**Student:** 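Once you've had a glance at the structure underneath, I'll fire off some questions.
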Amino acid sequence: MATASNHDVTPVGLLYARFTPVYDLVFGPVLQPGRRAAVGAMALRGGERVLEVGVGTGINAALYPPSCRVVGIDLSEGMLAAAEARIARERLTHVRVQRMDGAALAFADGSFDVVYAPYTISAAPDPIRIVAEMRRVCRAGGRIVLLNHFLSSSRVLAGIEHRLTWLTRRIGFRADLGLQSLLDQTGLRAVSVRRVNVPPIWSLVLCAP
């Protein structure tokens, strides 16, 4: 059984450190259609730089074309170790990972052409701060991609999601994060929004910074 390092001591960090050995099995195939759609929506061109916020076990790594340069960050050392092993095993020389807090990115303004958060925002203690940082490091004219569950537009379903959040927080995410509120508070503009996966309760949001 995996143990948490000193760098995985937050409640979410401890939870995901425990998830590491089974993450790909539990969250792999069921969420992979969304990951593939997200990378397709990026419309990556040769030489572009991509930042993936919440790289986890590196399950997205093989989806990126080798002509681009990808940096994946995560707070969990267990997840990063799994990602590094995957990158080495699959010889993905265009992808590298490092430990970093998405709410305090150590990159200069406008460093990336694409900034992507796959199934990350609702698991973060401060999603507004993370998205604001994503916007900061994305160049003018770049793309920000959010792949996440957002609060339903249906009053009935939204009410259920609000009530379930106390439970979903125990398994690492909140069910009541509203997309429009997130966009309004971070100054982003949604270029497109579409549902992905089965059941289609996750959204792929392409934003302009």
Side-chain angles (χ1 to χ4, degrees), residues 23-24 27-76 79-121 123-124 127 130-148 179 182-183 186-197 202-209:
Y23 183 88
D24 289 1
F27 298 106
V30 69
L31 299 181
Q32 196 68 354
R35 296 185 185 98
R36 293 185 183 279
V39 174
M42 294 176 195
L44 291 168
R45 297 181 287 273
E48 287 197 311
R49 295 194 67 202
V50 180
L51 175 64
E52 183 177 322
V53 179
V55 69
T57 63
I59 201 166
N60 285 287
L63 301 178
Y64 296 110
S67 59
C68 64
R69 293 292 174 262
V70 181
V71 179
I73 67 161
D74 209 291
L75 270 177
S76 170
M79 289 285 191
L80 289 172
E84 287 174 339
R86 183 194 300 273
I87 289 166
R89 183 173 64 249
E90 300 186 18
R91 300 179 181 179
L92 304 172
T93 57
H94 59 300
V95 182
R96 64 182 178 89
V97 297
Q98 63 187 98
R99 187 176 184 275
M100 192 180 297
D101 185 352
L105 296 173
F107 301 111
D109 295 0
S111 294
F112 296 91
D113 301 287
V114 178
V115 186
Y116 170 43
Y119 307 115
T120 301
I121 301 303
I130 288 185
V131 174
E133 277 289 272
M134 292 173 64
R135 184 185 182 198
R136 180 183 66 79
V137 302
C138 187
R139 68 165 175 83
R143 290 91 76 201
I144 294 174
V145 180
L146 306 176
L147 177 58
N148 208 80
L179 174 58
L182 181 70
L183 296 175
T186 55
L188 289 180
R189 176 176 59 86
V191 175
S192 64
V193 181
R194 63 181 170 113
R195 296 299 184 103
V196 292
N197 300 323
W202 290 269
S203 295
L204 171 56
V205 187
L206 179 63
C207 300

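Keep in mind the model is a prediction, meaning the values are calculated, not measured.
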**Student:** Supply the atom-to-atom distance L179 CG to C207 SG, rounded to the nearest 0.5 angstrom.
**Tutor:** 7.0 Å
**Student:** So V145 and L204, do their side chains get closer than 4.5 Å, heavy atoms only?
**Tutor:**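 Yes, close enough: below the 4.5 Å cut-off.
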**Student:** Which atoms form the tightest heavy-atom contact between Y64 and H94, and what is the distance?
**Tutor:** O-NE2, 3.0 Å
**Student:** Is there a side-chain contact between M134 and L146 (heavy atoms, below 4.5 Å)?
**Tutor:** yes
**Student:** Is the backbone of N60 close enough, under 3.5 Å, to the side chain of R35 for a donor and an acceptor to pair up by distance?
**Tutor:** no
**Student:** Quick check: closest heavy atoms across A37 and V196, and the distance to 0.1 Å?
**Tutor:** CB-CG1, 4.2 Å
**Student:** Considering all heavy atoms of both residues, which atom of I121 and which atom of V131 are nearest to each other, and what is their separation?
**Tutor:** CD1-CG2, 3.7 Å
**Student:** Backbone N or O of A61 within a donor-acceptor pair of the R86 side chain at under 3.5 Å?
**Tutor:** no
**Student:** So which atom in L206 and which in A41 form the shortest heavy-atom distance, rounded to 0.1 Å?
**Tutor:** CD2-O, 4.2 Å
**Student:** Is the side chain of D74 donor-acceptor paired with the backbone N or O of L80 at a distance under 3.5 Å, no angle test?
**Tutor:** no
**Student:** Does R89 CZ have over 12 foreign heavy atoms under 6.0 Å away?
**Tutor:**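 Counting neighbours around CZ of R89, more than 12 heavy atoms of other residues, nucleotides or ligands fall under 6.0 Å, so yes.
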**Student:** Mind checking the CG-CD spacing from L63 to Q32? Nearest 0.5 Å is all I need.
**Tutor:** 5.5 Å
**Student:** Where is the tightest heavy-atom contact between G54 and P118, given as atom of each residue plus distance?
**Tutor:** O-CG, 4.0 Å
**Student:** Roughly how far, to the nearest 0.5 Å, is CG of N148 from CG of L182?
**Tutor:**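 These two atoms lie 8.5 Å from each other.
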**Student:** Sort and list the pairs that fulfil salt bridge (charged side-chain N to carboxylate O under 4.0 Å, His left out) and have at least one residue in residues 109-120, not counting sequence neighbours.
**Tutor:**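 Of all non-adjacent pairs touching residues 109-120, those that pass salt bridge (charged side-chain N to carboxylate O under 4.0 Å, His left out) are D109-R136, D113-R139.
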**Student:** Any heavy-atom pair between the side chains of R189 and V191 that's under 4.5 Å?
**Tutor:**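 Yes, their side chains come closer than 4.5 Å.
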**Student:** From E48 CD over to R143 CZ, what is the distance, rounded to the nearest 0.5 angstrom?
**Tutor:** 4.0 Å
**Student:** Could you check whether any side-chain heavy atom of R99 comes within less than 4.5 Å of a side-chain heavy atom of L75, counting everything from C-beta outward?
**Tutor:**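 Yes, close enough: below the 4.5 Å cut-off.
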**Student:** With a 4.5 Å cut-off on side-chain heavy atoms, are V97 and E84 touching?
**Tutor:** yes
**Student:** Looking at side-chain heavy atoms only, is the closest gap between R49 and V137 below 4.5 Å?
**Tutor:** no
**Student:** Output yes when a side-chain donor or acceptor of T57 lies under 3.5 Å from a complementary backbone atom of A82, and no otherwise.
**Tutor:**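 Pair absent, no side-chain N/O of T57 close to backbone of A82.
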**Student:** At their closest point, which heavy atom of G102 faces which heavy atom of V53, and how far apart are they?
**Tutor:** CA-CG1, 4.2 Å
**Student:** Could you tell me whether the side chain of I73 reaches within less than 4.5 Å of the side chain of L105, counting heavy atoms only?
**Tutor:** yes
**Student:** Check whether any side-chain heavy atom of Y119 lies under 4.5 Å from a side-chain heavy atom of L147, and answer yes or no.
**Tutor:**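 Side-chain contact under 4.5 Å: yes.
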**Student:** Can you name the salt bridge (Lys or Arg N to Asp or Glu O under 4.0 Å) partners of R69, sequence neighbours left out?
**Tutor:** none
**Student:** Hey, mind stepping through N197 and V30 against side chain to side chain contact (heavy atoms under 4.5 Å, CB included) and telling me if it holds?
**Tutor:** CA-CA 7 Å; N197 300 323; V30 69; over 6 Å; no
